[in-house]
Amino acid sequence: VIPFEQRFAEAHFGSYVRARALSVAQTPKELLSTLEILTNEEARQALVKCADKFLIEAYSFDGRSAERAAGLIRRLAKVN
């Protein structure tokens, strides 16, 4: 893995990896480890559980995103 790819992966997926909601392999050894997780039902379910928890904590799935976006636009318009 080249340094740029490592920085890209950390910048875009680091929070997921730290929450154990995603595995990112950067070496052949890490890739084998990740593949083993995917073939192990118990380990895969643990990964899914962490991913579900992360998504609930990090994102809002309440159906009100348009209202939040409109509110942000209104607040920004008042500031400028």
Side-chain angles (χ1 to χ4, degrees):
V1 175
I2 59 175
F4 169 78
E5 291 171 336
Q6 286 179 312
R7 289 192 307 273
F8 181 87
E10 173 57 31
H12 293 280
F13 306 117
S15 59
Y16 293 86
V17 172
R18 286 186 295 279
R20 296 189 314 157
L22 177 71
S23 292
V24 174
Q26 300 200 17
T27 67
K29 185 177 179 179
E30 289 175 355
L31 179 58
L32 286 174
S33 176
T34 298
L35 292 174
E36 287 174 10
I37 289 171
L38 297 176
T39 60
N40 178 309
E41 181 67 24
E42 189 175 310
R44 192 170 61 248
Q45 288 301 319
L47 182 66
V48 168
K49 186 176 179 179
C50 287
D52 287 345
K53 182 178 183 237
F54 176 79
L55 290 173
I56 289 167
E57 292 174 355
Y59 295 95
S60 180
F61 295 105
D62 61 3
R64 300 183 64 206
S65 62
E67 293 172 33
R68 284 191 298 278
L72 174 62
I73 292 168
R74 286 188 197 99
R75 287 192 305 277
L76 292 173
K78 288 179 183 178
V79 171
N80 295 321

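These numbers come from the heavy atoms of this one structure, side chains and all, not from hydrogens, waters or symmetry mates.
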Counting only pairs under 3.5 Å, give me each side-chain donor-acceptor contact of residues 62-71, with atom names and distances, residues two or more places apart or in other chains.
{"unit_1": "Asp62", "atom_1": "OD1", "unit_2": "Ser60", "atom_2": "OG", "d": "3.4"}
{"unit_1": "Asp62", "atom_1": "OD1", "unit_2": "Arg64", "atom_2": "N", "d": "2.9"}
{"unit_1": "Asp62", "atom_1": "OD1", "unit_2": "Arg68", "atom_2": "NH1", "d": "2.9"}
{"unit_1": "Asp62", "atom_1": "OD1", "unit_2": "Arg68", "atom_2": "NH2", "d": "3.4"}
{"unit_1": "Asp62", "atom_1": "OD2", "unit_2": "Ser60", "atom_2": "OG", "d": "3.3"}
{"unit_1": "Asp62", "atom_1": "OD2", "unit_2": "Arg68", "atom_2": "NH1", "d": "3.0"}
{"unit_1": "Arg64", "atom_1": "NE", "unit_2": "Glu67", "atom_2": "OE1", "d": "3.1"}
{"unit_1": "Arg64", "atom_1": "NH2", "unit_2": "Glu67", "atom_2": "OE1", "d": "2.9"}

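The side-chain hydrogen bond (donor to acceptor under 3.5 Å, both in side chains) search around Arg44 returns Glu41, not counting sequence neighbours. Contacts of Glu42 classified as salt bridge (charged side-chain N to carboxylate O under 4.0 Å, His left out), with partners at least two apart in sequence or in another chain: none. Scored by the ring pair (Phe, Tyr, Trp, His ring centres under 6.0 Å) test, Phe8 finds His12 as partners (sequence neighbours excluded).
With hydrogens and angles disregarded, no donor-acceptor distance shorter than 3.5 Å links the side chain of Ser33 to the backbone of Lys29.
Residues Leu55 and Val17 fall within the same hydrophobic cluster, defined by Ile, Leu, Val, Met, Phe, Trp and Tyr side chains chained together at heavy-atom separations under 4.5 Å.
Each salt bridge (Lys or Arg N to Asp or Glu O under 4.0 Å) pair with one or both residues in residues 13-23, not counting sequence neighbours, appears once here: Glu10-Arg18. For residues 32-68, the pairs satisfying ring pair (Phe, Tyr, Trp, His ring centres under 6.0 Å) are Tyr16-Phe54, with sequence neighbours left out.
Here the closest non-hydrogen pair linking Ser23 and Leu47 is OG-CD1, 4.4 Å. Minimum heavy-atom separation, Ala21 to Ala51: CB-CA, 3.4 Å. The two residues Thr34 and Ala25 have their closest heavy-atom pair at OG1-CB, 4.3 Å.
The distance from atom CG of Asp52 to atom CD of Glu57, rounded to the nearest 0.5 Å, is 11.0 Å. Expressed to the nearest 0.5 Å, how far NZ of Lys78 lies from CG of Leu76 amounts to 11.0 Å.
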